[in-house]
Structures are given as structure tokens and as C-alpha cells.
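Okay, so here's the structure we're looking at.
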Amino acid sequence: MRIVINRRPVRVGLLATAVAGLLSLGATGCGGDGDEEAADKALAGTQLCGGDAVSAQASKALKAITGSSRFGTTAEKSTVAWAARDLVEAFPVATGGRDDVCRIYTADDTADFAIRVTWGLDDGSPTGTPASDFTVLDMGERTLAAANRASVRFACRSDRFPNSTSAAHVAIGVERWGMPTEPEGNVEALKDAYATVAHSFSLAMAKELRCEKNGGLPARPVLEPA
């Protein structure tokens with residue numbers, strides 16, 4: 001699959017951590033002010049990617065995936081709103097790949113990977129048999145969850161797609177981004193976590209696009225196999 005990347009989020013959280021560390025080295029006896037400053041710059045999960053894409057439930061899921069509840073800041077344009085605008089401009093042509101919504105890093109960069117959230121436009125409803133590591137969930141046109149990634153596809157009819165008589169087939173993906181390794185932890189719990197994050201971003205995208213009936217997505221993630 002070809003991956004299209006037009007925007008790379010700036011890893012501001014890493015810079016903030018580095019600066020705070022240098023300050024603390026030069027300010028011995030200051031009561032840990034450098035650590036407090038770094039903590040102030042870290043974000044909770046619900047503040048990521050524009051602040052309207054990660055639900056409280058999805059924030060807990062991110063902690064289950066990364067082991068952290070504090071994350072580095074994400075770039076100004078790494079939001080669902082910006083991605084939705086790009087999606088509308090791309091419609092009705094299928095993108096043939098995935099573009100970034102945002103990337104998520106832990107605040108202290110202890111994890112050896114990022115979480116990459118992507119969007120794409122498909123040319124129709126999903127077909128074919130999913131890979132064996134996926135569980136199929138009953139959300140949208142098709143939702144797939146594995147222990148290191150999940151995707152949600154939904155059909156969107158909206159007044160944001162002018163003069164269109166057909167639905168846009170939107171694909172939102174959430175995946176571990178980095179060197180491939182075997183997932184660590186309970187596989188079923190990780191599947192639920194990735195599916196929960198993917199649902200949260202998908203619902204936020206459906207609302208941003210003003211899709212009829214939120215693209216058929218439920219208000220809360222459905223984690224039972226279809």
C-alpha cells in the first residue's frame with residue numbers, strides 16, 4: 001500500500017523535555033522547577049490532535065497502548081478539522097493511500113514507537129477478506145482491529161461535498177508506527193484499545209464532515225466481534 005504523507009507533526013514535546021532537562025542541570029537546589037515545567041507542557045490524551053478527537057474512553061485506551069497518560073504536543077495543523085478540509089478537497093477521487101491526521105508520542109519519549117492516525121478516501125465499500133490477525137467489528141461499513149492497528153471505514157453523505165449524489169467512503173486508521181515487533185501485552189485488550197481510538201477519531205471526523213447520522217457510527221465503540 002502506498003503511504004502519502006503531506007504533513008509531519010513537529011515533536012514539540014521532545015524539545016520541551018530536552019530544554020527542561022538542561023534547565024534542571026543548571027539549577028541545582030531549585031526544588032525541581034524544571035521537571036514541573038516539563039510536566040506543564042505535556043498533554044493529557046483528551047487534549048491531543050486539536051482537543052476534540054480523543055474521548056475520555058479513547059484516552060484510557062491510549063494509556064493501555066503506550067503505558068503513558070501524558071503525551072507530547074502535536075502540530076497546530078495536526079487535527080481532524082484540517083484533515084477533514086483536505087478530505088473534502090480530495091473528494092471524489094480515491095486517495096490511493098493514507099495521509100496523516102496526527103501522530104502521538106509519549107511526553108517523555110520512553111516508548112520506542114509513535115501512534116499514527118491517518119485518513120483516506122476509498123472508491124467504494126470495503127471488499128475482500130481481512131488478514132487473519134484482524135477481528136471484524138460492527139461499526140460503520142467495516143471496522144478491523146488487531147493488536148497493533150485498527151481501521152474504521154464509513155460512508156458519509158454531507159453538504160460539505162457539493163453537487164455529489166454519492167457517499168464518500170472514509171477510512172480512518174490507527175497504527176503502531178515504527179519498527180515492527182510482536183505486540184506486547186494482552187492481544188484482545190490491545191485490539192479493544194486500538195479499536196476504541198480508531199472509533200473516537202472516526203466519530204470526530206464524521207461530525208466534522210457533518211455526515212448524515214454520523215456516518216452510521218455509534219456514539220460509543222462496539223468491541224464485540226461482528
Side-chain angles (χ1 to χ4, degrees), residues 9 13 39 42-74 78-84 98 100-108 110-111 113-120 130 133-156 170-177 183-226:
L43 299 178
T46 53
Q47 297 174 291
L48 292 168
C49 308
D52 57 359
V54 181
S55 66
Q57 189 174 2
S59 180
K60 293 178 181 178
L62 282 174
K63 183 176 182 180
I65 293 168
T66 66
S68 177
S69 58
R70 305 293 290 176
F71 302 92
T73 56
T74 45
S78 295
T79 66
V80 168
W82 275 94
R98 299 289 179 265
D100 280 349
V101 176
C102 70
R103 298 189 187 187
I104 298 170
Y105 302 87
T106 56
D108 56 6
T110 55
F113 63 95
I115 300 298
R116 185 181 180 213
V117 184
T118 62
W119 68 270
D133 60 335
F134 280 120
T135 295
V136 180
L137 305 176
D138 189 16
M139 292 189 287
E141 292 185 306
R142 184 164 73 176
T143 295
L144 304 176
N148 57 2
R149 63 201 189 284
S151 64
V152 177
R153 297 188 190 188
F154 62 93
C156 176
V170 181
I172 301 295
V174 176
E175 63 185 308
R176 174 173 176 154
W177 193 245
E184 297 178 0
N186 182 288
V187 169
E188 293 306 316
L190 285 170
K191 285 184 178 183
D192 287 351
Y194 275 98
T196 297
V197 177
H199 165 270
S200 183
F201 275 91
S202 298
L203 185 60
M205 178 63 79
K207 290 180 177 180
E208 183 67 31
L209 291 172
R210 301 195 295 270
C211 302
E212 292 180 7
K213 299 180 180 179
N214 290 331
L217 297 173
R220 295 176 64 84
V222 176
L223 303 177
E224 292 297 321

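- For the pair S78 and R103, the minimum side-chain heavy-atom distance is 4.5 Å or more.
- To the nearest 0.5 Å, atoms CG (L203) and OG (S55) are separated by 8.5 Å.
- Counting heavy atoms from C-beta outward, V136 and L144 have side chains that approach closer than 4.5 Å.
- You'll find the side chain of R149 reaches within 4.5 Å of the side chain of D133, heavy atoms only.
- At distances below 3.5 Å, at least one donor-acceptor pair connects side-chain atoms of T74 with backbone N or O atoms of C49.
- Between the CG atom of L43 and the OG atom of S69 there is a distance of 11.5 Å, given to the nearest 0.5 Å.
- Of all non-hydrogen atoms in A198 and I172, the two that sit nearest each other are O-CG2, 4.3 Å.
- Remark: R210 CZ is packed, more than 12 non-hydrogen atoms of other residues, nucleotides or ligands lying under 6.0 Å away.
- Closest approach of A193 and A61 over heavy atoms only: O-CB, 3.5 Å.
- The shortest heavy-atom contact between E141 and A155 is OE2-CB, 3.7 Å.
- Atom CG of D138 is surrounded by 12 or fewer heavy atoms from other residues, nucleotides or ligands within 6.0 Å.
- A donor-acceptor pair under 3.5 Å links the side-chain atoms of H199 to the main chain of P218, judged by distance alone.
- Using a 4.5 Å cut-off on side-chain heavy atoms (C-beta onward), L48 and C102 make no contact.
- Between K207 and N214 there is a side-chain heavy-atom pair separated by less than 4.5 Å.
- In terms of heavy atoms, G140 sits closest to F154 at CA-CB, 4.3 Å.
- Looking at M205 and C156, their side chains never come closer than 4.5 Å, going by heavy atoms from C-beta outward.
- Side-chain atoms of F201 and V54, non-hydrogen and from C-beta on, do get closer than 4.5 Å to each other.
- Here the straight-line distance linking atom CD of Q47 with atom OG1 of T73 works out to 10.5 Å at 0.5 Å rounding.
- Distance CG/N186 to CG/D192: 8.5 Å, rounded to 0.5 Å.
- Going from atom CD of Q57 over to atom OG1 of T46 covers 13.5 Å, rounded to the nearest 0.5 Å.
- Note that CD of E188 and OG1 of T135 are 5.5 Å apart. Values are rounded to the nearest 0.5 Å.
- In this structure, the side chains of Y194 and I115 come closer than 4.5 Å at one or more pairs of heavy atoms.
- With hydrogens and angles ignored, the 3.5 Å screen pairs a side-chain donor or acceptor of S200 with a backbone N or O of A53.
- Between S68 and T106, the shortest heavy-atom distance links the atoms CB-CG2, 3.6 Å.
- In terms of heavy atoms, L62 sits closest to F71 at CB-CZ, 3.9 Å.
- Under the 3.5 Å distance criterion, the side-chain polar atoms of R98 are left unmatched by any main-chain donor or acceptor of T118.
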